[in-house]
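To start, the structure itself, in structure tokens.
Quick caveat, the model's predicted, so the values are computed rather than measured.
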Amino acid sequence: MFRFADFVGNTSTVVHLRRAIASGRLPSSILLSGPSGSGKYTLSLMLTMALLCENQPREGDLADFCGHCRHCTRIAEAMDLPSLVDAAVAAREELRETDKKETRVLIQTHPDVLILPPDPPQLLVKLGQVRTLIHSIYSLPGESKHRVYLFPSAAFMKEAANSILKVLEEPPAYAHIILMAEHPGELLPTIRSRCAPVRLGALSPQEIEDLLATKKPEVKPAQRGLIARLSQGAAGKALGFDLDGYLAARADAMVLLRSAVLDSEHTDLFKTTETYRAGADGQQKTQAMLAALAGLLEDLLLLRSGVPDRIRNVDIRRDLDTLADSVTFEWLENALRGMDQVISGMRRNLLRSLSLDAFAESMASSRR
Ligand SMILES: [Zn+2]
């Protein structure tokens, strides 16, 4: 069983929230933001347990949870969210076509706690989900003293966003709503303004290395340093980091980058993009390669800016130095801007409308 003490990093933020719970002053609507893997969902479940726990343990003036009462244990069952969502989606697939459309993915392991994950395949929170919240939030909690609603990724469909505004503004006294977001700037201002913002910052590379040394002793020290840089301060990301997968994606990204920068014929460039055709696993592969490419471009920018200490791909520093000497700031900025568009387009699921070739072509042609 885990406790608040097991939550890595952001100590002062966590202390602040625990104190607010102990004094009954936790804001009713919270927007919890932070990079992927920073522990937004884990912390949300911990806060939920602290609110509902039957034993209400205290550490000085800080709220805690016991971890073994009838509330804590059921809330903790929601920890492995991806498996629960997979199971809910699979169950929906079994339904008749007409029922499927009406069925939204909801996770509930405790009667007073409702988790509303983004609904596949669009991965947005839908109107039906918000309606379920509105339907239950005005009736008193059944078994505990609170009702808690968690949105693991607060990307709402338009109608869903509009219909949650009122309840976000004035939830009943016993209710708490926690919205989680990686990029709070992408949320509607009307939603943001109704929530108390809480931000989880990135951990330092040293904090991540220490965490890996304790929790994943099988990772070699040299790899630890690299993973710490690559996971960009996200504890969860570092612990689950697939280094082999990353290195494969990065090797392709390097071919693309090298041929765009150094090879005037660009033969390898298009040979590489050729292997990235659409298709189910093509999307994941493309995403991984583009993320690696974006990281490499940022490293080149850091090298050109004279802050080599901050680069992530520390193991290929020499290759990066060579590339950095061959490009201008302007080229890098253009390439990064192009990457941003490609990546944010992918977040909005627009993969089919974008062309990797077009992006590669523009990288290559701006060198000519
Ligand atoms: Zn408890």
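No path of Ile, Leu, Val, Met, Phe, Trp and Tyr side chains, each step under 4.5 Å between heavy atoms, connects Leu133 with Met157, placing them in separate hydrophobic clusters. No continuous path of hydrophobic side-chain contacts links Val14 to Leu179 [ILVMFWY only; heavy atoms under 4.5 Å]. Taken together through direct or relayed side-chain contacts under 4.5 Å among Ile, Leu, Val, Met, Phe, Trp and Tyr, Val130 and Leu123 form parts of separate hydrophobic clusters. Note on Tyr246: it clusters hydrophobically with Leu290, by side-chain heavy-atom contacts below 4.5 Å among ILVMFWY residues. At a threshold of 4.5 Å between side-chain heavy atoms, the hydrophobic network of Ile, Leu, Val, Met, Phe, Trp and Tyr places Leu31 and Leu150 in two separate groups.
Taking the salt bridge (Lys or Arg N to Asp or Glu O under 4.0 Å) definition, one finds that Asp210 meets it with nothing, sequence neighbours left out. Residues satisfying the ring pair (Phe, Tyr, Trp, His ring centres under 6.0 Å) test with Phe4, not counting sequence neighbours, are Phe65. Legend: residues meeting salt bridge (Lys or Arg N to Asp or Glu O under 4.0 Å) with Glu97, ordered by chain and number and at least two apart, are Lys100. Under the ring pair (Phe, Tyr, Trp, His ring centres under 6.0 Å) criterion, Phe156 pairs with Phe151, sequence neighbours left out.
Distance alone, capped at 3.5 Å, is enough to place a donor-acceptor pair between the Asp112 side chain and the Ser144 backbone. Proximity of a side-chain donor or acceptor of Gln232 to a complementary backbone N or O of Pro205 within less than 3.5 Å is not detected. In this structure a side-chain-to-backbone donor-acceptor pair under 3.5 Å is present from Arg147 to Ser139. Using a distance-only test at 3.5 Å, with no hydrogens or angles considered, a donor-acceptor pair links the side chain of Tyr149 to the main chain of Ile137. Formation of a donor-acceptor pair under 3.5 Å by the Arg192 side chain with backbone atoms of Pro184 is found in this model. Side-chain N or O atoms of Tyr174 include one that pairs as donor or acceptor with a backbone N or O of Tyr138 at under 3.5 Å. Between the side chain of Arg304 and the backbone N or O of Val327, at least one donor-acceptor pair lies under 3.5 Å. Judged purely by atom type and a 3.5 angstrom limit, Arg229 has no side-chain atom pairing as donor or acceptor with the backbone of Asn313.
Around the CD atom of Glu170, the shell of radius 6.0 Å holds no more than 12 heavy atoms that belong to other residues, nucleotides or ligands. The neighbour count for Arg131 CZ, taken as heavy atoms of other residues, nucleotides or ligands under 6.0 Å away, does not exceed 12.
Using a 4.5 Å heavy-atom cutoff, the side chains of Glu143 and Arg74 are in contact. Residues Leu226 and Val314 form a side-chain contact, since some pair of their non-hydrogen atoms from C-beta on lies under 4.5 Å apart. Side chains of Met49 and Cys72 form a contact here, defined as non-hydrogen atoms less than 4.5 Å apart. The shortest distance between side-chain heavy atoms of Met254 and Asp319 falls below 4.5 Å. For the pair Leu303/Arg317, a side-chain contact is recorded, criterion being any heavy-atom separation below 4.5 Å from C-beta on. Between Leu257 and Leu300 the shortest side-chain heavy-atom distance falls below 4.5 Å. Looking at heavy atoms from C-beta onward, Lys237 lies out of side-chain contact with Pro35 at the 4.5 angstrom threshold. Between Ile227 and Leu230 the shortest side-chain heavy-atom distance does not fall below 4.5 Å.
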Would you mind writing out the side-chain donor-acceptor pairs for residues 80-93 within the sub-3.5 Å range, not counting sequence neighbours?
residue : atom : partner : partner atom : Å
Asp80   : OD1  : Ser83   : OG           : 3.1
Asp80   : OD2  : Ser83   : OG           : 2.4
Arg92   : NH1  : Thr103  : O            : 2.8
Arg92   : NH1  : Asp119  : OD1          : 3.0
Arg92   : NH1  : Asp119  : OD2          : 3.3
Arg92   : NH2  : Asp119  : OD1          : 3.3
Arg92   : NH2  : Pro120  : O            : 3.0

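In this structure, CG in Leu301 is found 12.5 Å from CD1 in Ile311, a value given to the nearest 0.5 Å. Remark: Ile75 CD1 to Leu45 CG distance equals 8.0 Å, nearest 0.5 Å. Between Lys215 atom NZ and Ile208 atom CD1 the span is 11.5 Å, to the nearest 0.5 Å. From Leu302, atom CG reaches atom CG of Asp309 across 10.0 Å, with rounding to the nearest 0.5 Å. A distance of 12.5 Å separates CG in Asp61 from CD1 in Ile21, rounded to the nearest 0.5 Å. Between Arg18 atom CZ and Leu43 atom CG the span is 10.5 Å, to the nearest 0.5 Å.
Classification of Arg3 and Glu59 as a salt-bridged pair fails, no side-chain N sitting under 4.0 Å from a carboxylate O. Using a 4.0 Å cut-off between a side-chain N of Lys or Arg and a carboxylate O of Asp or Glu, Glu169 and Arg194 qualify as a salt bridge.
When all heavy atoms of Val261 and Ser326 are compared, the pair lying nearest together is CG1-CB, 3.6 Å. His176 and Leu51 get closest at one heavy-atom pair: CD2-CD1, 3.7 Å. In terms of heavy atoms, Thr214 sits closest to Pro217 at O-CD, 3.8 Å. The shortest non-hydrogen separation linking Ala22 to Arg58 is CB-NE, 3.6 Å. Scanning both residues, Ser231 and Ala228, for their nearest heavy atoms gives OG-O, 3.4 Å. Between Lys126 and Gln129 the shortest heavy-atom distance is N-OE1, 2.8 Å.
Applying the side-chain hydrogen bond (donor to acceptor under 3.5 Å, both in side chains) definition to pairs two or more places apart or across chains, those involving residues 26-51 are Ser33-Arg199.
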Worked verdict on Met46 versus Leu17 for side chain to side chain contact (heavy atoms under 4.5 Å, CB included): CA-CA 11 Å; Met46 288 182 173; Leu17 291 165; over 6 Å; no
Tell me, with the steps shown, if Ile177 and Ile30 meet side chain to side chain contact (heavy atoms under 4.5 Å, CB included). CA-CA 6 Å; Ile177 302 173; Ile30 292 178; over 6 Å; no
Would His71 and Val113 count as a side chain to side chain contact (heavy atoms under 4.5 Å, CB included) if you check the C-alpha gap in whole Å, the side-chain angles of each, and the deciding distance to 0.1 Å? CA-CA 10 Å; His71 301 307; Val113 181; over 6 Å; no
